[in-house]
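All remarks here apply to the structure that follows.
Keep in mind that what you see is a predicted model, and the values were worked out from it rather than measured. Chain letters run A, B, ... following the sequence lines, proteins first and then strands; every chain starts at 1.
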There are 2 protein chains.
Amino acid sequence: MALRHAVLAALLDGEYSGYQLAKAFDVGVANFWYALPQQLYLELAGLERDGLVAGRRVVQETRPNKRLFTVTAAGLAELERFAVAASKPSFIRDDLLVKVQAIDRIGAEPVIAQLEERAAVATGRIEVFGKLLQRLRGDETEERYLRDGERIGPYLTCLRGREFEQGHHDWCLRTAELLRSREAARAER
Amino acid sequence: MALRHAVLAALLDGEYSGYQLAKAFDVGVANFWYALPQQLYLELAGLERDGLVAGRRVVQETRPNKRLFTVTAAGLAELERFAVAASKPSFIRDDLLVKVQAIDRIGAEPVIAQLEERAAVATGRIEVFGKLLQRLRGDETEERYLRDGERIGPYLTCLRGREFEQGHHDWCLRTAELLRSREAARAER
DNA sequence: CTACACATGTAAACGGTTACATGATTAT
DNA sequence: ATAATCATGTAACCGTTTACATGTGTAG
């Protein structure tokens, strides 16, 4: 049960509905995990069944009713247990890297295009993360916020998320350029 | 079928047995994917059934017999098809990030220890990648190798692998230090 | 004689993705 | 009218992980 703890951690910052959580997880604002809406509704149901989160129904007139969830004491205890246990190592698993691995034996153009598209997507994400970081630290400098802030967890994971995207972006662009220049050299011969 | 193409791409560099592949995938020398031995044996069986790889039995006297696999023409065509199709975006999914996200509400010590351990593991991997890169480029400079080399796919993915590990390493250490100094400040009060 | 490296698999359980399903309100 | 946003779920499928299973040769 992997999503479990990610959802619990996300709910530490306040009450969220399945729908709100889904948006955060989907866009990647949740910089430490990713999940589809369906999975979240399922997981929230399971968490509630096990008493780790509590949901309260909010009746809305103009919009459909929704359910807002909070972490219970048992949920926090579960997170605590999870944090003490060993983490499994994180690995890269990326279709695009597989394609680049094979690049010398397959057509390069489609892969180059995908690398450039990825870089563009990453640029967007970097901006999103940047804004989130600004919002979290408010008026303070990063240094002071990290030293004195009360809730720095989301800031720290967001930093890693942004750096990951930056690294990914740079590599994609560099690789695309390199492959392009090799294609050009090939065409000349 | 995600492992499929990763295995095909890995087999482009020569004949490998399930066991040899497993080591590469397990240690992370295969910098673009990760898989356990069992899965590889299963996947190789499937790939052979579908005619995408061909296995030949090698009888050994001193060691158990083994089967070496090569990509067939059909396998290469499958890779080609795969490369043209859209790649799904890559996301971070990491237990340790979940723990850091929750850090303000749980005990920090075990998480700090895990961050430091991760950094140490990453240091090891960075070295492995560095050596692999050296071996791949031989006597040439990186620039020349990437411009004129015939098989640069593995080099490029390895570069990304190393940068990822470096980024991960730096973040883990920075975060661990920060959390330690906050713990120290907390203790003083 | 013990541990490690070589060598290959099967079966069950789990977690995540894809497809299916529904329906109201608001903005273009 | 049409598309987007709000809002919540179920079911089938696929891919990964964990546990089980076996056996030889080599180095310490």
Query raised in the report: In whole angstroms, how far is the C1' atom of C:dG9 from the CG atom of B:Leu36?
Result: 14 Å

Query raised in the report: To the nearest angstrom, how far is B:Leu44 atom CG from C:dT8 atom P?
Result: 9 Å

Query raised in the report: Taking atom C1' of C:dT22 as reference, at what distance in whole Å does atom NZ of A:Lys66 sit?
Result: 20 Å

Report task. Give the rounded distance in Å between these two atoms: CZ of B:Arg4 and P of D:dC14. Result -> 13 Å

Query - Options D:dT17, D:dT26, D:dA7, nucleotide nearest the side-chain atoms of A:Tyr19 - result: D:dA7

Query raised in the report: CG of A:Asn65 versus C1' of C:dG23: gap in Å, rounded?
Result: 13 Å

Requested in this report: Might you work through the salt bridge (charged side-chain N to carboxylate O under 4.0 Å, His left out) test for B:Glu78 and B:Arg4, ending with a clear yes or no?
Outcome: CA-CA 10 Å; B:Glu78 172 58 30; B:Arg4 283 228 126 172; over 6 Å; no

Query raised in the report: Is it true that A:Glu177 and A:Arg174 have a side-chain N and a carboxylate O under 4.0 angstrom from each other?
Result: no

Query raised in the report: Looking at A:Lys23, does any N or O in its side chain come under 4.0 Å of the phosphate oxygens OP1/OP2 on D:dC6?
Result: yes

Report summary line: The answer to which of B:Ala45 and B:Arg63 contacts DNA chain C further toward the 5' end, by nearest nucleotide, is B:Arg63

Query raised in the report: Which word best sums up how the rings of A:His5 and A:Phe82 line up, parallel for under 30°, tilted for 30 to 60°, or perpendicular for over 60°?
Result: parallel

Query raised in the report: On DNA chain C, nearest-nucleotide positions of A:Glu43 versus A:Glu61: which is more 5'?
Result: A:Glu43

Query raised in the report: Of the nucleotides C:dA5, D:dT8, D:dA19, which has the atom closest to the B:Gln38 side chain?
Result: D:dA19

**Report entry** Any B:Thr62 side-chain nitrogen or oxygen under 4.0 Å from OP1 or OP2 of D:dT26
**Finding:** yes

Query raised in the report: How is A:Arg93 classified with respect to the nucleic acid when contacts are heavy atoms under 4.0 Å: base, sugar-phosphate, or nothing?
Result: sugar-phosphate

Requested in this report: Could you pick out which residue, B:Gln39 or A:Gln60, lies toward the 5' side of DNA chain D when each is mapped onto its nearest nucleotide?
Outcome: A:Gln60

Report task. Salt-bridge test for B:Asp104 and A:Arg151: reply yes if a basic N is under 4.0 Å from a carboxylate O, no otherwise. Result -> yes

Report task. In whole angstrom, give the distance that lies between atom CG of A:Leu21 and atom P of D:dA7. Result -> 13 Å

Query raised in the report: Is the Lys NZ or Arg CZ of B:Arg160 less than 6.0 Å from the centre of A:Phe164's six-membered ring, within 45° of the axis?
Result: yes

Query raised in the report: Would you say B:Lys88 reaches C:dT18's phosphate, i.e. side-chain N/O to OP1/OP2 under 4.0 Å?
Result: yes

Query - Length of the line joining A:Gln20:CD and D:dA7:P, which is rounded to integer Å - result: 7 Å

Query raised in the report: Which nucleotide in the list D:dT16, D:dT18, C:dG16 gets nearest to the side chain of A:Trp33?
Result: C:dG16

Report task. Starting from C1' on D:dT16, measure out to CG on A:Leu3 and report it in whole angstrom. Result -> 15 Å

Query raised in the report: Has A:Tyr41 got a side-chain N or O lying under 4.0 Å from the OP1 or OP2 atom of D:dT8?
Result: yes

